[in-house]
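Right, one structure below, let's go through it.
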Amino acid sequence: MKAHAAIQILPTAPSDQEIVRIVDEVIDYIKSTGLHYFVGPSETSIEGNDLHQLLEIVENCILTANRAGSAKVSAYVKLGYNEGGVLTIEEKVTKHHQ
């Protein structure tokens with residue numbers, strides 16, 4: 001993997017349950033991309049080789065939340081790229097989940 005993104009989507013909604021429903025729709029979209037991902041309590045990490053593809057996924061996450069009912073959507077995004085390869089999700093977290 002040459003690139004990774006961590007994205008936190010913060011939709012506006014009238015209740016916590018509605019926020020969770022909207023975020024679940026965003027996670028379903030991320031699943032549909034076919035890329036490797038890891039859902040954490042505050043953000044979802046995604047791995048890929050194409051930085052442009054990850055940027056498109058970030059845009060589509062925002063639009064997915066909007067279509068799911070959030071008129072206003074904030075997103076916090078961290079991106080990383082290394083032509084020689086980035087550390088994988090497993091390399092970063094597996095030792096902490098055993």
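Scanning both residues, Val86 and Tyr81, for their nearest heavy atoms gives CG1-C, 4.3 Å. Ala71 and Thr12 get closest at one heavy-atom pair: N-OG1, 4.2 Å. The two residues Leu79 and Ala5 have their closest heavy-atom pair at CD2-CB, 3.5 Å. Here the closest heavy-atom approach between residue Tyr37 and residue Lys31 is recorded as OH-CG, 2.8 Å. In terms of heavy-atom proximity, Gln8 sits nearest to Ser42 at CG-O, 2.9 Å.
The same ILVMFWY cluster, assembled from side-chain heavy atoms under 4.5 Å apart, contains both Val77 and Tyr29. Connection of Leu55 to Leu63 is not established within any shared hydrophobic cluster, with ILVMFWY side chains joined at heavy-atom distances below 4.5 Å, either directly or through further cluster members. Transitive grouping of hydrophobic side chains (ILVMFWY, heavy atoms separated by less than 4.5 Å) brings Ile30 and Val73 into a common cluster. Connection of Tyr76 to Val26 is not established within any shared hydrophobic cluster, with ILVMFWY side chains joined at heavy-atom distances below 4.5 Å, either directly or through further cluster members. Residues Val39 and Leu35 share a hydrophobic cluster, clusters being chains of Ile/Leu/Val/Met/Phe/Trp/Tyr side chains in contact below 4.5 Å.
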List the steps and the verdict of side-chain contact (heavy atoms from CB on, under 4.5 Å) for Lys78 and Glu43. CA-CA 10 Å; Lys78 295 180 264 185; Glu43 65 187 17; 3.3 Å; yes
Does the side-chain contact (heavy atoms from CB on, under 4.5 Å) test come out yes or no for Glu90 and His36, once each step is laid out? CA-CA 10 Å; Glu90 282 78 20; His36 188 250; 3.0 Å; yes
Under the side-chain contact (heavy atoms from CB on, under 4.5 Å) rule, what do Ile22 and Ile9 come out as? Steps first, then yes or no, please. CA-CA 9 Å; Ile22 293 167; Ile9 294 291; 5.6 Å; no
Thr64 vs Asp28, side-chain contact (heavy atoms from CB on, under 4.5 Å): CA-CA, chis, key distance, verdict: CA-CA 10 Å; Thr64 297; Asp28 286 343; over 6 Å; no
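Atoms CD and CG, on Glu59 and Leu54 in that order, are 13.0 Å from each other to the nearest 0.5 Å. Between atom CD1 of residue Ile27 and atom OG1 of residue Thr44 there is a gap of 4.5 Å, rounded to the nearest 0.5 Å. With rounding to the nearest 0.5 Å, the separation of CD1 in Ile7 from CD1 in Ile62 is 6.0 Å. Atom CD1 of Ile19 and atom CZ of Arg21 lie 11.0 Å apart (nearest 0.5 Å). For the atom pair CD (Gln53) and CG (Asn60), the distance works out to 10.5 Å, reported to the nearest 0.5 Å. Taking CD of Glu25 as the reference point, atom CG of Asn66 lies at 11.5 Å (rounded to 0.5 Å).
Between Lys92 and His4, some side-chain heavy-atom pair lies under the 4.5 Å cut-off.
For His97, the NE2 atom counts as densely surrounded, since its 6.0 Å shell holds more than 12 non-hydrogen atoms of other residues, nucleotides or ligands.
Not one N or O on the side chain of Glu18 forms a donor-acceptor pair closer than 3.5 Å with the backbone of Ser15. With Ser70 contributing its side chain and Ala65 its backbone, the two residues share no donor-acceptor pair below 3.5 Å.
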